[in-house]
Amino acid sequence: MSENDKQPSDGDSTKSDKTDVNNGGERTFSQEELGKKLSAERNKLREQFDKELEDKLNAAKTEWEKQSKMTEDERATAAQKAKEEALAERERQVTLRERQAEATTMLSEKNIPTAFVEYVLDEDADKMAEKIDTLSKTWSDELKKAVKGAVSGNTPEDKNKGDLGKKTSTSSGVYRGDGSSVI
């Protein structure tokens, strides 16, 4: 045999690199296929990043052009407006945190799990209190139904009912009521 006969041909090597399906239903990938998949995913992410970057750059350029066309007074007014908007947003966030603390306290007082705080949270204190009251009524009604359903039914039978008084236990053994020893 020649050296060429000992080495697999290009067609043979691709057969061993192809994917196959194992008995467990798992798919195996060749190094080449894995590289292609990773490369495609990397390219997709790169395109998304480039698009987001381009959008942000265009927005910044547009804002810069807008600012350059403004007079000094207009720029000052726009800056003041931006500061007021940022301050209003911070105040809103602080208010929501305060309301969340209030709601947590109110739910705890009514023995309702505090995990429900996100469902009753509202910037308006009156609306939030109304939501908590509604939840409290619903919670107690459903809890009563669940308890009533759990305790309803037949009373369990006492399996030892017929053996009462017949067996007694002492340290030396078990004796029957007639005086005979079991052990």
How many angstroms lie between atom [atom1] of [X] and atom [atom2] of [Y], to the nearest 0.5 angstrom?
X    : Y    : atom1 : atom2 : result
L45  : D50  : CG    : CG    : 11.0 Å
K137 : D141 : NZ    : CG    : 9.5 Å
E118 : T104 : CD    : OG1   : 11.0 Å
Q93  : E123 : CD    : CD    : 8.5 Å

Output all residues satisfying salt bridge (charged side-chain N to carboxylate O under 4.0 Å, His left out) with [X], sequence neighbours left out; order by chain, then residue number.
X    : value
E72  : R75
D126 : none
E102 : R99
K110 : D133

**Prompt:** Which ILVMFWY residues can you reach from L57 by hopping between side chains whose heavy atoms are under 4.5 Å apart?
**Reply:** F49, L53
**Fill in**
Students should find that the hydrophobic cluster of V120, defined by side-chain heavy atoms under 4.5 Å apart, otherwise consists of L96, M106, L107, I112, F116, V117, Y119, L121, M128, I132, L135, W139, L143
**Request:** Please test K145 against E142 for salt bridge (charged side-chain N to carboxylate O under 4.0 Å, His left out), starting from the C-alpha separation and ending with a verdict.
**Result:** CA-CA 5 Å; K145 286 180 188 176; E142 293 300 318; 3.6 Å; yes
**Request:** For K36 and E32, run salt bridge (charged side-chain N to carboxylate O under 4.0 Å, His left out): C-alpha distance rounded to whole Å, both residues' side-chain angles, the deciding distance at 0.1 Å, then the answer.
**Result:** CA-CA 6 Å; K36 285 179 183 178; E32 183 180 315; 3.4 Å; yes
**Message:** Looking at S136, is its backbone amide N or carbonyl O close enough to the side chain of S140 to form a donor-acceptor pair, meaning the two atoms are under 3.5 Å apart?
**Reply:** yes
**Request:** Please confirm whether the backbone N or O of S30 pairs with a side-chain atom of E33, one donor and one acceptor, at under 3.5 Å?
**Result:** yes
**Request:** Please assess D55 against K51 for the test salt bridge (charged side-chain N to carboxylate O under 4.0 Å, His left out), listing each intermediate value before the final yes or no.
**Result:** CA-CA 6 Å; D55 290 345; K51 184 179 182 306; 3.4 Å; yes
**Message:** Looking only at the side chains, is there a donor atom on one of E52 and Q48 sitting less than 3.5 Å from an acceptor on the other?
**Reply:**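 Looking only at side-chain atoms, Q48 and E52 do not form any donor-acceptor pair under 3.5 Å.
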**Request:** Give a yes or no on this: more than 12 heavy atoms of other residues, nucleotides or ligands lie within 6.0 Å of atom CD of E74.
**Result:** yes
**Prompt:** After noting the C-alpha distance and the side-chain angles of E89 and R92, does the key distance pass the salt bridge (charged side-chain N to carboxylate O under 4.0 Å, His left out) rule?
**Reply:** CA-CA 5 Å; E89 178 59 26; R92 183 181 156 291; 3.5 Å; yes
